[in-house]
Visitor: 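This is the structure I have questions about; it appears just below.
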Amino acid sequence: MLTLQTLRNDREGLISAYKARNLDVTEVVDRILELDSERRQTQKQLDDLKHEQNQASREIGELFKSGEREAAEQKKTAMGDIKERIQGLDAVLRTLEGQQVDRLLELPNRPHASVPVGVCDEDNVVLSEEGSRPELGEDALPHWELCEKYGLVDFELGTKITGAGFPVYRGKGARLQRALIAFFLDRATDAGYEEFIPPLLVNADSARGTGQLPDKEGQMYHCAEDDLYLIPTAEVPLTNIHRDVVHKAEDLPIKLCGYTPCFRREAGSYGKEVRGLNRLHQFDKVEIVQIQHPDKSYETLDVMVEHVRDLLRALELPFRTLRLCGGDLSFASCLTFDLEVWSAGQERWLEVSSISNFESFQANRLSCRYREGGKNQLVHTLNGSALALPRIVAALLENNQGPDGINIPEALRPYTGFDRIT
RNA sequence: GGAGAGGUGGCUGAGUGGCUUAAAGCGCACGCUUGGAAAGCGUGUUUACUUGAAAGGGUAACCCGGGUUCGAAUCCCGGUCUCUCCGCCA
């Protein structure tokens, strides 16, 4: 959620910035500002009335004490009118505030100046490509066939137990999952991130704090009886650790990481996009999060991107780096870099990581601040996948396949305990 | 799941309708004192909104939401969380 301050101070800059998202926000912004001035006016009137009431009440108390019962009663009746007016204005104020917040909540984050104008993923800008794509020839298999051939992932079994999109990993396939999780967590810890194991279900306040509510309500699994949501990413519980917290400026940045399964309904997905491990309802991911001083958040974003790129280098996967265009930017993000690995069996790029700076958009909802010079100010929050497992597994299997087995990259072998899948 | 007790400032803790603009203590900050320190003394010590050029002023907040009242930390209703006991359970 943007701060009102931003809207008041920089209406023009704001409106032109949203063009990168292909949005004309003039009307919404002006309506919010209009509500704002109405609200402030009402607030002032209300405060004055309450002041009057407080004073009168004090006087009545004193009159009673000094035994002037009649004068007190008289004053009491006179208060009836003020009371009604206060109730009326109170209701108006609440309505105005509600309308204002509703509109603010609907407004996506303001894109960073470097975000390219664009409508969809085709308008994303490829910044660089690294590593070489393997030459596999005609016999190359997509990962879902490799999974079956070597008994690594059983998709049909998952369908039986739960439904489509809930795979069952087994044998070396299961061990590979565990190896990747441990490898990613170790790398994050080495980089100074504190490891957490957070709850996998969160309440509505938390979902709102990171921006999943109300924007992406339909994408989360919801336990109606207890009104809890299954997390779509560890970002939600990890970032919400800092909801309603004021940090000392010198404690920043705060670096957190965690492995969790992620649950996504993925309503509306279909076709080859969702084949095999490409898109799942439940998948594993290690997430890194930073709470940072506003002056340093973009520097930090670059460092986080480099951290994830190092993971891909260590796994010897060919990858490219994208700067997302305005149309592909998530609701809460100012600037996002995507990393995609080359999937040799499918001959396409697969998104494996999204690293974003949310500036104060989440912090404002979370009320996460830092104290500097005697004042509380909103922090900046950032996060990135480091990394999401299924597509990494897909690429590892496909890219490293041979006629009679799959090689495990060097860096992963201490974790898997085997160097080849046969 | 059942029964009971409770939720007050950074912390401890008083406060059953107006003398509370929340006592007292602790902690913290600054100043005085001192060769330096401790002790002592003094001053200060929440947040949000709003008003004002500033100094300053106003309103709200004692778990949350309603209600009663001229007036609520205090009374009433609903919710929530914590603790204790019982039951169940990996």
Side-chain angles (χ1 to χ4, degrees), chain A residues 1-9 32-105 197-209 213 222-229 237 240-251 254 261 360-379:
Chain A
M1 184 164 77
L2 292 180
T3 59
L4 269 173
Q5 207 71 23
T6 320
L7 271 73
R8 281 191 210 147
N9 293 349
I32 293 172
L33 289 174
E34 210 176 293
L35 284 165
D36 186 45
S37 80
E38 269 182 72
R39 196 203 90 237
R40 283 199 278 179
Q41 229 175 335
T42 310
Q43 175 96 51
K44 177 82 175 100
Q45 286 172 16
L46 188 61
D47 285 357
D48 288 348
L49 276 180
K50 283 184 172 173
H51 181 49
E52 210 177 310
Q53 186 189 46
N54 284 344
Q55 234 158 7
S57 292
R58 220 165 295 155
E59 282 164 23
I60 290 171
E62 272 159 34
L63 286 175
F64 269 123
K65 241 180 298 162
S66 60
E68 296 170 63
R69 197 157 278 279
E70 237 169 82
E73 290 295 347
Q74 217 166 32
K75 229 178 174 60
K76 247 165 92 164
T77 14
M79 292 306 291
D81 177 46
I82 284 198
K83 203 184 165 186
E84 246 170 64
R85 282 163 68 201
I86 285 179
Q87 275 171 347
L89 277 183
D90 214 37
V92 172
L93 187 65
R94 234 173 314 172
T95 311
L96 289 173
E97 276 173 351
Q99 288 175 346
Q100 193 177 44
V101 170
D102 285 350
R103 281 180 172 72
L104 272 174
L105 281 173
I197 300 179
L200 305 182
L201 279 78
V202 295
N203 57 33
D205 282 344
S206 294
R208 201 171 299 113
L213 288 180
H222 182 220
C223 305
E225 197 171 355
D226 298 291
D227 195 21
L228 296 172
Y229 295 85
N240 271 282
I241 290 172
H242 297 277
R243 173 151 52 84
D244 294 322
V245 175
V246 181
H247 293 288
K248 294 182 197 145
E250 62 264 32
D251 289 344
I254 293 160
S360 61
F361 193 81
Q362 290 183 329
N364 191 26
R365 291 181 174 216
L366 291 161
S367 186
C368 177
R369 292 161 297 171
Y370 69 100
R371 193 169 186 81
E372 193 174 53
K375 279 199 130 182
N376 291 338
Q377 307 192 56
L378 293 172
V379 299

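Numbers restart at 1 for each chain; the letters A, B, ... are given by sequence-line order, proteins then strands. Note that the structure is a prediction, hence the values are computed from the model and not measured. Excluded from the calculations below are hydrogen atoms, water molecules and symmetry mates; all remaining heavy atoms, backbone and side chain alike, are included.
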Visitor: At what distance, to the nearest 0.5 angstrom, does NZ of A:Lys75 lie from CZ of A:Phe64?
Guide: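 Spacing of NZ (A:Lys75) from CZ (A:Phe64) equals 12.5 Å.
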Visitor: Starting at the 5' end of RNA chain B and moving along, which residue's nearest nucleotide shows up first, A:Arg39 or A:Lys83?
Guide: A:Arg39
Visitor: Of the nucleotides B:A48, B:U51, B:G71, which has the atom closest to the A:Ser57 side chain?
Guide: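 Of all the options, the side chain of A:Ser57 is nearest to B:G71.
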Visitor: Check the distance between B:A60's P and A:Leu49's CG and give it to me in whole angstrom.
Guide: 12 Å
Visitor: Considering every strand shown, what is the Watson-Crick or G-U wobble mate of B:C32 when both distances are under 3.5 Å?
Guide: B:G40
Visitor: Just checking A:Lys50: base, sugar-phosphate only, or nothing, at a heavy-atom cut-off of under 4.0 Å?
Guide: sugar-phosphate
Visitor: To the nearest angstrom, how far is A:Leu378 atom CG from B:A48 atom P?
Guide: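 Value for this atom pair: 10 Å.
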Visitor: Take atom CD of A:Glu38 and atom P of B:U50, then tell me their distance rounded to the nearest Å.
Guide: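 Going from A:Glu38 (CD) to B:U50 (P), I get 15 Å.
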Visitor: Looking at A:Arg369, I'd like to know whether one of its side-chain N or O atoms comes within less than 4.0 Å of OP1 or OP2 on B:U46.
Guide: no
Visitor: Go ahead and name the base partner of B:U59; Watson-Crick or wobble counts if both distances stay under 3.5 Å, otherwise write none.
Guide: B:A48
Visitor: Return the nucleotide paired to B:A5: Watson-Crick means purine N1 to pyrimidine N3 with N6-O4 or O6-N4, wobble means G-U with N1-O2 and O6-N3, both under 3.5 Å.
Guide: B:U82
Visitor: Of the candidate nucleotides B:G18, B:G58, B:U50, which contains the atom at the shortest distance from the side chain of A:Asp47?
Guide: B:G58
Visitor: Is there a side-chain contact between A:Arg40 and the phosphate of B:C49, meaning an N or O under 4.0 Å from OP1 or OP2?
Guide: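 For A:Arg40, the contact criterion (side-chain N or O under 4.0 Å from OP1 or OP2 of B:C49) is not met.
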Visitor: Drop me the distance from A:Leu93's CG to A:Glu38's CD, to the nearest 0.5 angstrom.
Guide: 11.0 Å
Visitor: In whole angstroms, how far is the P atom of B:G10 from the NZ atom of A:Lys248?
Guide: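 For the pair A:Lys248 NZ and B:G10 P, the rounded distance is 14 Å.
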Visitor: Atom CG of A:Leu46 and atom P of B:A61: how far apart are they, to the nearest Å?
Guide: 11 Å
Visitor: Counting side-chain heavy atoms from CB outward, which of B:C70, B:A48, B:C49 is closest to A:Met79?
Guide: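 Among B:C70, B:A48, B:C49, the one nearest the side chain of A:Met79 is B:C70.
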Visitor: Between A:Thr77 and A:Leu4, name the one whose nearest nucleotide on RNA chain B is closer to the 5' end.
Guide: A:Leu4
Visitor: B:A61 P sits how many Å from A:Asp90 CG, rounded?
Guide: 10 Å
Visitor: Does A:Asp205 come within less than 4.0 Å of A:Arg208, counting only side-chain N to carboxylate O?
Guide: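 Salt bridge between A:Asp205 and A:Arg208, a charged N being under 4.0 Å from a carboxylate O: yes.
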Visitor: In whole Å, what is the span from the CG atom of A:Asp48 to the C1' atom of B:G58?
Guide: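 Taking CG of A:Asp48 and C1' of B:G58, I get 7 Å after rounding.
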Visitor: Does A:Asn54 put a side-chain nitrogen or oxygen below 4.0 Å from OP1 or OP2 of B:U59?
Guide: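 Answer is yes, contact under 4.0 Å.
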Visitor: When you get a sec, tell me which of B:G18, B:G66, B:A48 is the closest nucleotide to the side chain of A:Ile60?
Guide: B:G18
Visitor: Does A:Gln74, at its CD atom, have more than 12 non-hydrogen atoms belonging to other residues, nucleotides or ligands within less than 6.0 Å?
Guide: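 Count not over threshold, so no.
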Visitor: Compare the minimum distances between each of B:U69, B:U50, B:G66 and the side chain of A:Gln43, then state the nucleotide with the smallest one.
Guide: B:U50
Visitor: If the plane angle is over 60° it's perpendicular, under 30° parallel, otherwise tilted; pick one for A:Tyr229 and A:His222.
Guide: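 Taking A:His222 first and then A:Tyr229, their aromatic rings lie parallel (interplane angle under 30°).
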Visitor: Report the distance from atom CG of A:Asp205 to atom P of B:U80, rounded to the nearest whole Å.
Guide: 14 Å
Visitor: In a check of side-chain contact (heavy atoms from CB on, under 4.5 Å) between A:Arg39 and each of A:Thr95, A:Val92, A:Leu4, which one passes?
Guide: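 By the side-chain contact (heavy atoms from CB on, under 4.5 Å) criterion, A:Arg39 pairs with just one of A:Thr95, A:Val92, A:Leu4: A:Leu4.
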Visitor: Hey, does the side chain of A:Arg58 come within less than 4.0 Å of B:C19's phosphate (OP1/OP2), counting only N and O?
Guide: no
Visitor: Counting just side-chain N and O atoms, does A:Arg94 come under 4.0 Å of either OP1 or OP2 of B:C49?
Guide: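 No, because none of the side-chain N or O atoms of A:Arg94 sits under 4.0 Å from OP1 or OP2 of B:C49.
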Visitor: Can you tell me the Watson-Crick or wobble partner of B:U21, both distances under 3.5 angstrom?
Guide: none
Visitor: Name the nucleic acid region contacted by A:Glu59, choosing base, sugar-phosphate or nothing; use a 4.0 angstrom heavy-atom cut-off, strictly under.
Guide: nothing
